[in-house]
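This report refers to the structure that appears directly beneath it.
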Amino acid sequence: MNTFLRDQREHRALSAEDVARRLDVHPMSVLRWERRERLPGPGHVKALASTLDLETSMVAGFFDEARPTAEPSVGLRAHGLRTLRQAAGIPVRRVARRLGVLPATVYNWEAGRARLPLEHLPDLAALLGIGVPALRRHLADAPASRREQPASELRRLRRRTGLSQTAVAQRVGTTRHRLGAWERGEQPPLWAVRRLAAVYGVPVSRVARASGVSAPPLLDVRRWSPGDLPQALVALRQWSGLTQGALAERCGCHPSTVRGWEQGRARPLHRTRARLEALYGLPEGALLAAYPDER
């Protein structure tokens with residue numbers, strides 16, 4: 001096995017996690033590249049070369065050795081192979097062994113970067129437990145793989161910091177999969193917007209715009225009218241990413257007291273109101289504009 005890439009990484013005292021963090025990929029991707037089970041795209045080839053202080057041509061040559069030099073036949077597009085393989089619970093390595101090819105070749109078939117040679121169809125159909133005609137129909141009817149979408153603004157904010165999804169998720173208090181969903185267009189909750197802004201070192205408004213979240217109108221003190229206090233307190237707390245229990249702890253009261261404020265059954269007294277204004281960065285006395293008019 002050619003261990004060139006792994007040797008270069010270890011020579012520079014870098015772990016797979018170190019390289020993955022710099023390239024914004026999963027460490028397993030780095031290990032698969034080193035074993036040439038998967039082949040990176042041009043952008044990652046350049047990034048690997050830069051990280052390892054190598055010529056791009058050297059890194060590209062390492063991967064070119066694993067690329068098929070020529071297709072033995074015209075072949076079929078195999079975008080639907082992954083669905084069949086996963087439904088049958090068959091790993092890529094098993095397919096590669098059965099067909100006598102590299103795992104990277106199977107990944108290339110599934111991604112549409114190379115065609116599946118016709119001579120492999122009988123063995124592949126037998127491995128998947130279906131007939132050759134059914135396999136051909138499934139591959140022909142499968143939709144083409146979606147092209148990779150441009151990085152979202154929220155993802156670009158993370159990449160500016162050099163942090164991986166896992167690192168950001170740990171700091172924000174969520175999962176990597178949930179963060180990935182937000183970067184793909186799912187709207188994060190208000191508390192997450194606030195925490196992401198703190199991690200990325202940018203204003204909350206910028207993260208809100210990047211994630212398509214509209215700030216609640218009652219965050220604007222100028223919009224408060226007498227009687228808006230319960231709704232304003234809810235908006236301020238949620239935007240700050242605090243639970244009722246966490247807010248109660250900071251104010252030195254019981255969570256039921258906070259619930260009473262937000263349900264309009266009670267109002268913060270002078271000292272507690274001052275704590276709330278300081279906590280939310282409001283001018284002194286700002287909350288009084290939302291207190292009920294008792295006249």
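All values derive from a computational prediction rather than experimental measurement.
With rounding to the nearest 0.5 angstrom, the CG atom of Leu157 is 8.5 Å from the OG1 atom of Thr161. For the atom pair NE2 (His44) and OG (Ser50), the distance works out to 12.5 Å, reported to the nearest 0.5 Å. Atom-to-atom distance recorded for Leu99:CG and Thr105:OG1 is 10.0 Å, nearest 0.5 angstrom. Taken to the nearest 0.5 Å, the OG atom of Ser152 stands 9.5 Å off from the CZ atom of Arg184. Between Trp261 atom CH2 and Leu276 atom CG the span is 5.0 Å, to the nearest 0.5 Å. Between atom OH of residue Tyr200 and atom CZ of residue Arg159 there is a gap of 11.0 Å, rounded to the nearest 0.5 Å.
Looking only at distances, no side-chain donor or acceptor of Arg32 sits under 3.5 Å from a matching main-chain atom of Arg38. Although no hydrogens or angles enter the test, the distance criterion places a donor-acceptor pair under 3.5 Å between the side chain of Arg85 and the main chain of Ile90. Thr51 contributes a side-chain N or O that, together with a main-chain N or O of Ala47, makes up a donor-acceptor pair within less than 3.5 Å. For Thr257 (side chain) and Cys253 (main-chain N/O), no donor-acceptor pair under 3.5 Å exists by modelled atom type. Judged by distance alone, with hydrogens and angles left aside, the side-chain atoms of His138 form a donor-acceptor pair with the main-chain N or O of Gly80 at under 3.5 Å. Here the side chain of Arg223 pairs no donor or acceptor atom with the backbone of Leu218 at under 3.5 angstrom. A donor-acceptor contact shorter than 3.5 Å is absent between the side chain of Thr166 and the backbone of Arg176. Between the Asn108 side chain and the Ala104 main chain, a donor and an acceptor come within less than 3.5 Å of each other.
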Could you go step by step and tell me if His11 and Leu52 meet the side-chain contact (heavy atoms from CB on, under 4.5 Å) rule? CA-CA 9 Å; His11 177 69; Leu52 299 176; over 6 Å; no

Please lay out, stage by stage, how Leu81 and Leu139 fare under the test side-chain contact (heavy atoms from CB on, under 4.5 Å). CA-CA 7 Å; Leu81 177 57; Leu139 296 179; 4.3 Å; yes

Carefully, step by step, assess Val202 and Arg160 under the rule side-chain contact (heavy atoms from CB on, under 4.5 Å). CA-CA 11 Å; Val202 298; Arg160 283 177 62 251; 4.0 Å; yes

Given Leu236 and Leu279, is the side-chain contact (heavy atoms from CB on, under 4.5 Å) satisfied, shown in steps? CA-CA 10 Å; Leu236 288 167; Leu279 175 63; over 6 Å; no

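The heavy-atom pair separating Ala210 from Leu154 by the smallest distance is CB-N, 3.9 Å. The shortest heavy-atom contact between Val193 and Ala208 is CG1-N, 3.9 Å. For the pair Pro230 and Gly264, the tightest heavy-atom approach, listed with the atom from each and the gap, is CG-CA, 3.6 Å. The shortest heavy-atom contact between Tyr107 and Glu37 is CD1-O, 3.2 Å. Listed here is the closest heavy atom pair of Tyr291 and Pro268: OH-O, 2.8 Å. When all heavy atoms of Ala16 and Val30 are compared, the pair lying nearest together is O-CG2, 4.0 Å.
A 4.5 Å side-chain heavy-atom check between Leu233 and Val258 finds every atom pair outside the cut-off. Counting heavy atoms from C-beta outward, Val172 and Leu179 have side chains that stay 4.5 Å or more apart. Between Val101 and His120, the closest side-chain pair of non-hydrogen atoms falls below 4.5 Å. Between Ser211 and Trp182, every side-chain heavy-atom pair lies at or beyond the 4.5 Å cut-off. Considering only heavy atoms from C-beta on, Arg259 comes within 4.5 Å of Gln244 through its side chain. The shortest side-chain heavy-atom distance between Trp33 and Val25 falls under the 4.5 Å cut-off. Leu102 places none of its side-chain heavy atoms less than 4.5 Å from the side chain of Arg93. Side-chain contact between Arg94 and Leu127 is present, with at least one heavy-atom pair separated by less than 4.5 Å.
When the shell of 6.0 Å around CZ of Arg12 is examined, it contains more than 12 heavy atoms from other residues, nucleotides or ligands. Summarising the local packing, CZ of Arg178 is surrounded by 12 or fewer heavy atoms from other residues, nucleotides or ligands at distances under 6.0 Å. No more than 12 heavy atoms of other residues, nucleotides or ligands lie within 6.0 Å of CZ in Arg250, so this atom counts as exposed by the packing criterion. Residue-environment remark: CD (Glu249) stays at or below the threshold of 12 foreign heavy atoms within 6.0 Å.
When the side chains of ILVMFWY residues are joined at heavy-atom separations under 4.5 Å, either directly or via intervening members, Met28 and Leu48 end up in two distinct hydrophobic clusters. Val45 and Leu31 are assigned to two separate hydrophobic clusters, defined by single-linkage of ILVMFWY side chains at heavy-atom distances under 4.5 Å. Put simply, Val234 and Leu288 are part of two different groups of oily side chains (I, L, V, M, F, W, Y) that touch within less than 4.5 Å, one to the next.
Geometric assessment of Arg36 against the ring of Phe62 yields a positive cation-pi assignment under the 6.0 Å and 45° thresholds.
For an aromatic pair to be called close, the ring centres must be under 6.0 Å apart, and His79 with Trp109 fails this.
In summary, the side chains of Gln231 and Glu262 do not present any donor paired with an acceptor at a separation below 3.5 Å, with no hydrogens or angles considered. Counted by atom type alone, Ser15 and Asp18 present one or more donor-acceptor pairs between their side chains at under 3.5 Å. In summary, the side chains of Thr175 and His177 do not present any donor paired with an acceptor at a separation below 3.5 Å, with no hydrogens or angles considered.
Comment: Arg273 engages Glu277 in a salt bridge, judged by a side-chain N to carboxylate O separation of less than 4.0 angstrom. Salt-bridge annotation for Glu34 and Arg6: absent, with no side-chain N of the basic residue lying under 4.0 Å from a carboxylate O of the acidic one. Remark: Asp24 engages Arg158 in a salt bridge, criterion side-chain N to carboxylate O under 4.0 Å. Salt bridge Arg156/Glu153: present, at least one basic N to carboxylate O contact under 4.0 Å.
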